[in-house]
Amino acid sequence: MKTLSCNYEMLNPNIIVSENCWVIDESGKRYVDFEAGVWCASLGHNNRQINEAMIRQMGIISHVGYRYTTKVVNEAAEKVLGLLGFADGRCVFLSSGSEAVEFAVQLSKKAMGRPYLLCLEGYFLSSYGTSAVRGKNEWISLDISQYNGNPEDFLRDVPFGDIGAFVFEPGNASGMVKLPPKDLIAAIEAKIRKNGGIIAVNEITAGTGRTGKWFGHQHYSIRPDVVAIGKGIGNGYPVSVVALSSQMADMAGKAGFRYAQSHQDDPLGCAVVSEVITIIENNGMIQRSADMGLVLKAQLEALKAKHSFIKEVRGIGLMFVMEFHHDKKLPLEKIHREVFDKGYIVGVSPLANLLRFYPPLTIDGAQIKAMAAALDAVLRGYA
């Protein structure tokens, strides 16, 4: 293998074709992908409708410059803004989730001109830039593991007057699925608003139906000003979006914020975004995510009831983890491979002592139950 694995075990280097929730290797063995690639294939691998939309757009124009564009870009922006209720807002289409979050953060800093940004400690924002480093000279991080159930007491020493934006990631938490307390998030928003700050939301993973709603923040009483969207919005194609409310777009203009990137607002990526939204809306995929999430939860909870070394099952929609008791010292990497050998791709985090389940929204109940049965068979060997 000539590509760099970056220290991750390569379970199978010979995948040759894909179909919806399946990936298939050169021997014909099929695997159900409960990771949706890297949590991206929201509508399944090799989606024919999305492929056709890409081919159509490639026959027209794939790439534009900074000073000219085409109507597919505006059409995609209108769809995204409509989902968020951002009347008269603006969108910028980029290439990755990290870029979208960093764009949103830099825009928020420039527009607000305040010394600090606020975030939740341990919640992934970006793989580079200030949103990755989060130095103490720029960021205030709240450790919600210390939350005592009293928002006023917990937030007492936070200098909200110096905070330009609360950058909120609604629950993926680097694949550990930690859903923040709703009362705390509501209190943070209230204090941010009272002090004239803004709300920026990272919907890279929790968006596009992953949580059983269009966006993860819709499970909270929060009204964002800036939203970064990625992963599922491209169904595996590298496109992301930053959506701004009309007020935020005006603030960006007045602050003189400028940005230029080679693949900014590319029509090909915009065609993919538009088609993904159309398919989800026309096929009731948001409700399907919620419904299949209940099936997944029930199956994982049943395993927890059978195996005492399972500490907790937590999640929402089609975003779940199964955490094991740390003192049991189960060989999770080995368990992960055994599940893979049975034909199921699930996520694993040995450091967090968990297995992860983020399947495409197109997953069905039979596939979920079969995966749970395979996992049960593996876990019985460690009872």
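Because only heavy atoms are used, hydrogens play no part in the values below, and waters and symmetry mates are left out as well, while side chains stay in.
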Apply salt bridge (Lys or Arg N to Asp or Glu O under 4.0 Å) to residues Glu138 and Lys109 and explain how you reach the verdict. CA-CA 10 Å; Glu138 294 183 291; Lys109 286 180 61 182; 2.4 Å; yes

Check against salt bridge (Lys or Arg N to Asp or Glu O under 4.0 Å), Arg288 and Asp291: CA-CA 5 Å; Arg288 181 186 178 88; Asp291 293 343; over 6 Å; no

If you apply the rule side-chain contact (heavy atoms from CB on, under 4.5 Å), what do you find for Leu94 with His263, and how did you get there? CA-CA 6 Å; Leu94 303 167; His263 297 286; over 6 Å; no

Checking side-chain contact (heavy atoms from CB on, under 4.5 Å) for the pair Leu303/Leu375: CA distance, chi angles, key distance, verdict? CA-CA 9 Å; Leu303 291 178; Leu375 178 56; 3.7 Å; yes

Run the side-chain contact (heavy atoms from CB on, under 4.5 Å) check on Val92 and Val241 step by step: do they pass? CA-CA 6 Å; Val92 177; Val241 194; over 6 Å; no

Tell me, with the steps shown, if Lys178 and Glu323 meet salt bridge (Lys or Arg N to Asp or Glu O under 4.0 Å). CA-CA 12 Å; Lys178 296 182 178 180; Glu323 184 177 348; over 6 Å; no

Going through the checks in order, is the salt bridge (Lys or Arg N to Asp or Glu O under 4.0 Å) test met by Asp376 and Arg380? CA-CA 6 Å; Asp376 183 32; Arg380 284 201 303 269; 3.0 Å; yes

Tell me, with the steps shown, if Lys342 and Val378 meet side-chain contact (heavy atoms from CB on, under 4.5 Å). CA-CA 9 Å; Lys342 287 182 176 293; Val378 170; 3.6 Å; yes

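At a threshold of 4.5 Å between side-chain heavy atoms, the hydrophobic network of Ile, Leu, Val, Met, Phe, Trp and Tyr places Ile335 and Ile345 in two separate groups. Both Phe320 and Ile310 belong to a single network of hydrophobic side chains, linked directly or stepwise wherever heavy atoms of I, L, V, M, F, W or Y lie under 4.5 Å apart. Under a hydrophobic clustering in which Ile, Leu, Val, Met, Phe, Trp and Tyr are joined whenever their side-chain heavy atoms come within less than 4.5 Å, directly or via other members, Leu184 and Phe166 fall into the same cluster.
Side chain of Glu203 to backbone of Val227: no donor-acceptor contact under 3.5 angstrom is found. No side-chain donor-acceptor contact under 3.5 Å links Asn14 to the backbone of Asp25. In this structure a side-chain-to-backbone donor-acceptor pair under 3.5 Å is missing from Arg356 to Leu354. A distance-only check finds a donor-acceptor pair linking the side chain of Gln218 to the backbone of Phe215 [under 3.5 Å]. Using modelled atom types, no side-chain atom of His45 and backbone atom of Ala36 make a donor-acceptor pair closer than 3.5 Å. Although no hydrogens or angles enter the test, the distance criterion places a donor-acceptor pair under 3.5 Å between the side chain of Lys29 and the main chain of Asp341. With hydrogens and angles ignored, the 3.5 Å screen pairs no side-chain donor or acceptor of Lys297 with any backbone N or O of Gly315. Using modelled atom types, one side-chain atom of Thr278 and one backbone atom of Ser274 make a donor-acceptor pair closer than 3.5 Å. Remark: the backbone N or O of Val177 is paired with a side-chain donor or acceptor of Arg314 at under 3.5 angstrom. With hydrogens and angles disregarded, a donor-acceptor distance shorter than 3.5 Å links the side chain of Ser126 to the backbone of Tyr128.
A donor-acceptor pair shorter than 3.5 Å can be found between the side chains of Trp39 and Glu35. Side-chain atoms of Gln261 and Ser95 include a donor-acceptor pair closer than 3.5 Å. A donor-acceptor pair shorter than 3.5 Å cannot be found between the side chains of Thr130 and Glu102. Side-chain atoms of Glu275 and Tyr237 include no donor-acceptor pair closer than 3.5 Å.
Summarising the geometry of Glu312 relative to Lys304, their closest heavy-atom pair is CA-CE, 3.9 Å, with the distance given to 0.1 Å. The shortest heavy-atom contact between Arg90 and Ala249 is CG-CB, 3.7 Å. Across Asn202 and Pro170, no two heavy atoms sit closer than the pair O-CD, 3.2 Å. The two residues Ser127 and Ala132 come nearest to each other via the heavy atoms C-CB, 3.6 Å. Contact record, Cys119 with Arg134: SG-NH1, 3.5 Å, taken as the closest heavy-atom pair. Between Cys91 and Ala243 the shortest heavy-atom distance is SG-CB, 4.0 Å.
Taken to the nearest 0.5 Å, the CD atom of Gln264 stands 10.0 Å off from the OG1 atom of Thr69. Annotation: the span from Gln57 atom CD to Cys270 atom SG amounts to 8.5 Å, rounded to 0.5 Å. Between the CE atom of Met54 and the CE atom of Met58 there is a distance of 5.5 Å, given to the nearest 0.5 Å. Taking CD1 from Ile222 and CD1 from Ile185, the interatomic distance works out to 6.5 Å, rounded to the nearest 0.5 Å.
More than 12 heavy atoms of other residues, nucleotides or ligands shown are found within 6.0 angstrom of CD on Glu121. The local environment of NZ in Lys369 is sparse, with at most 12 non-hydrogen atoms from other residues, nucleotides or ligands closer than 6.0 Å.
Ile198 places none of its side-chain heavy atoms less than 4.5 Å from the side chain of Ile192. By the 4.5 Å heavy-atom criterion applied to side chains, Leu355 and Val321 are not counted as neighbours.
Clustering of Ile, Leu, Val, Met, Phe, Trp and Tyr side chains at separations under 4.5 Å places Ile60 together with Ile61, Val64, Tyr68.
Residues Phe160 and Tyr116 keep their aromatic ring centres 6.0 Å or farther apart. For Phe309 and Tyr382, the ring centers sit 6.0 Å or farther from each other. Between Tyr220 and Phe168, the gap from one ring centroid to the other is short of 6.0 Å. Residues Phe154 and Tyr147 place their aromatic rings such that the two centres sit under 6.0 Å apart.
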Side chains of residues 358-368: which donor-acceptor pairs under 3.5 Å do they make with residues two or more places apart or in other chains?
unit_1	atom_1	unit_2	atom_2	d
Tyr358	OH	Asn172	OD1	2.5
Thr362	OG1	Asn20	OD1	2.6
Asp364	OD1	Ala366	N	3.1
Asp364	OD1	Gln367	N	2.8
Gln367	OE1	Asp364	N	3.1

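A salt bridge links Lys191 and Glu152; the closest N-O separation between the charged side-chain nitrogens and carboxylate oxygens is under 4.0 Å.
The list of ring-ring contact (aromatic ring centres under 6.0 Å, His included) pairs with a residue in residues 323-354, not counting sequence neighbours, reads Tyr31-Phe340.
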